[in-house]
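What follows is one structure encoded as structure tokens, with my remarks underneath.
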Amino acid sequence: MAYDSESEFVDEDVYDEEDFDDMDLDDEDDDEMSMDEDEVEDEDDFADIKTDSRKRRIFETPFKVLSVSEIEDRQREMASRVSSVLGITKAAAVMLLRLFKWHEESLVERYVEDPDRIRNMAGLSVDDDSSSTAKNATNVIVAAPEGYMCTICCKDTSDVPGMKTFALSCGHSLCTDCYDYYLTEKIRREGEVRRLRCPGDPKCPLLVDEPAVKALVSPGTYEKYREMVDKIFVEDAELLAWCPAPDCEYAIECPVRQADLNSHVPTVTCTCGNCFCFGCGLQDHMPCTCALAKRWIQKCHDDSETSNWIAANTKDCPQCHSCIEKNGGCNHMTCKKCRYEFCWVCMGDWKMHGSAYYNCGRYDDKEAKKARSEQEKSRAELERYLHYYNRYANHQQSLRLDKETFHRVEKKMREMQEESGMSWIEVQFLTQAFDALRASRHTLTWSYAFAFYLQKGHITTIFEDNQRDLEMATEQLSEIFEQPSSDLVSQKVQLLDKCAYVTNRRIIMLEHAAQGLANGTWEYTVTV
Ligand SMILES: [Zn+2]
Ligand SMILES: [Zn+2]
Ligand SMILES: [Zn+2]
Ligand SMILES: [Zn+2]
Ligand SMILES: [Zn+2]
Ligand SMILES: [Zn+2]
């Protein structure tokens, strides 16, 4: 699949709207886990998808940013549906959904098969919610009957006039002060909201539900409880994730599942501007899959400094292959292990160097050549890694430098605006061009990690050709920014042309890579 750069320029308006639910990453239909129709009916629901004015590209991911109130709406909507389908209270529905990690369909299916077992697992009473009220009043706060004594604090109605009590459907009642104390400790100190067990009897399997918590604890503690409930809801629900940016309160809803991560890289952008991977929470790492990105980061963390140092400062002994460090300028090396003496420059036997003590004149000697080619072989894997690592690190560094350049340009532009009365709109193209540059640098960075793990072959060659084209275009765009700021405005057309070209080269490379992921055609040098 070869790309012609010119023909790839597309008119963004010719594409039709595409809906969130059109995206199907699975080969086979997975009924149990598919998105519920109700959630995708409304087109406005996914207005956050940047690309809604045209067809989504294969490397792009549908997603929606959710605020805290929308996160709570999601929970309420699901609880309402389950509550009406199963004929149970909403509070019970929440506890059941939590047990099933908010997989509505599998909950309903399993509940219908064996409601008692499922209710038991969720810490709900096995009796129906309504029938248990026949005994003493449960699940409501009531005035303690005359002579009542709380089993925890051992106070009775004569110690505490107007004492109130609470019990779950099990009937294990405590005074409300003890209940409040117990729940507050659990929530505030232990951070527990999932399994708030009935405090009335250690053997009781029932869990305290939300209405009870709300009725028993202070408003401040209840607010804390709600926060934690939202937190675990987003963590538990497979199609939701928190934005990992510090202090960001948004969550992302995205239909890409863990099982899809080897065939798609779900890059999403939060309202706060953070562009990250929905699958693993790392910064965007297209075209690398999550597994490769994780592996690469670990490898760089473990190896890069050491590998660079080894490559620059050591050689392997031509005789026993142990690693030898060169210290000092002398080229006469003696292996500490096997005592073999050789020349650092030509890798040949030192004895053959005769009187030319400090100069190696034997570089083309047959025996020395053979020693060097063996050296190369043993170092090939290291060199290969460094080839990719150094390019990866170089683009990372350039990204930082480009940012500095841009800030300088931006400052200059503001000054020029003030002096010449140029409008803000007139200099906006610079921001646009810089965004294109930054996106390309970022993609290039990760393209080297991806290429490192690719087996040689036809599609790898195409990928590396695309990578080279993007790299050249990116460097040219970067160079334009290096010019004196005063010249930049006059080069608007040239800059925007280059910017469109870079953007297009990036799309071509990412589309090719994503197509390969979707079709499973990439072959890696490692098993993932
Ligand atoms: Zn008590
Ligand atoms: Zn109980
Ligand atoms: Zn965010
Ligand atoms: Zn990822
Ligand atoms: Zn040796
Ligand atoms: Zn030599």
Side-chain angles (χ1 to χ4, degrees), residues 25 48 50 59-61 63-68 70-71 95 119-120 122-127 129 132 135-140 150-152 165-175 178-179 182-183 186 195-209 212 216 231 234 238 240-254 256-298 442-443 445-446 449-450 453 510 513-514 517 528:
L25 290 158
D48 289 39
K50 280 194 299 193
F59 62 85
E60 289 170 332
T61 304
F63 67 91
K64 180 170 166 39
V65 180
L66 300 183
S67 65
V68 172
E70 286 168 314
I71 291 165
M95 311 231 323
R119 289 184 72 90
N120 235 320
L124 292 166
S125 69
V126 172
D127 316 323
D129 295 307
S132 60
K135 297 180 273 174
N136 289 317
T138 55
N139 290 314
V140 283
C150 170
T151 53
I152 299 279
T165 69
F166 180 84
L168 295 171
S169 330
C170 54
H172 299 130
S173 80
L174 295 181
C175 78
C178 286
Y179 234 114
Y182 165 78
L183 290 174
K186 280 279 172 193
R195 298 194 68 78
L196 296 169
R197 302 187 61 141
C198 166
D201 181 340
K203 288 201 236 22
C204 179
L206 295 201
L207 298 179
V208 183
D209 61 15
L216 289 159
K231 185 167 172 286
V234 173
E238 195 187 10
L240 294 178
W242 289 108
C243 167
D247 299 326
C248 179
E249 290 193 335
Y250 291 106
I252 306 286
E253 185 175 50
C254 173
V256 177
R257 300 190 170 85
Q258 288 296 313
D260 301 325
L261 294 180
N262 280 329
S263 55
H264 185 77
V265 186
T267 300
V268 297
T269 307
C270 179
T271 306
C272 75
N274 186 26
C275 180
F276 69 100
C277 172
F278 179 80
C280 67
L282 287 173
Q283 288 299 99
D284 164 38
H285 53 69
M286 285 193 293
C288 263
T289 61
C290 293
L292 290 178
K294 198 174 155 206
R295 216 179 164 117
W296 175 256
I297 286 172
Q298 189 59 46
H442 192 87
T443 303
T445 306
W446 281 101
F450 187 57
Y453 290 114
L510 286 177
L517 288 180
V528 286

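Start at 1 and go down the list; that is how both ligands and their atoms are numbered. Values in this document were obtained by computation on a predicted structure and should not be read as measured data.
- Thr61 and Pro266 get closest at one heavy-atom pair: OG1-CA, 3.3 Å.
- For His172, the N/O/S atom at the shortest distance from the Zn ion (ligand 2) is named ND1.
- Residues Leu66 and Tyr250 form no side-chain contact, since every pair of their non-hydrogen atoms from C-beta on lies 4.5 Å or further apart.
- Expressed to the nearest 10°, the angle at the Zn ion (ligand 4) joining SG in Cys280 with SG in Cys277 is 110°.
- With the Zn ion (ligand 3) at the apex, Cys243 SG and Cys248 SG define an angle of roughly 110° (rounded to 10 degrees).
- Not one N, O or S atom of Cys288 sits under 2.8 Å from the Zn ion (ligand 4).
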* To do: Give the intermediate values and the outcome of side-chain contact (heavy atoms from CB on, under 4.5 Å) for residues Cys277 and Asp284.
  => CA-CA 5 Å; Cys277 172; Asp284 164 38; over 6 Å; no
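- With Tyr182 contributing its side chain and Arg197 its backbone, the two residues share a donor-acceptor pair below 3.5 Å.
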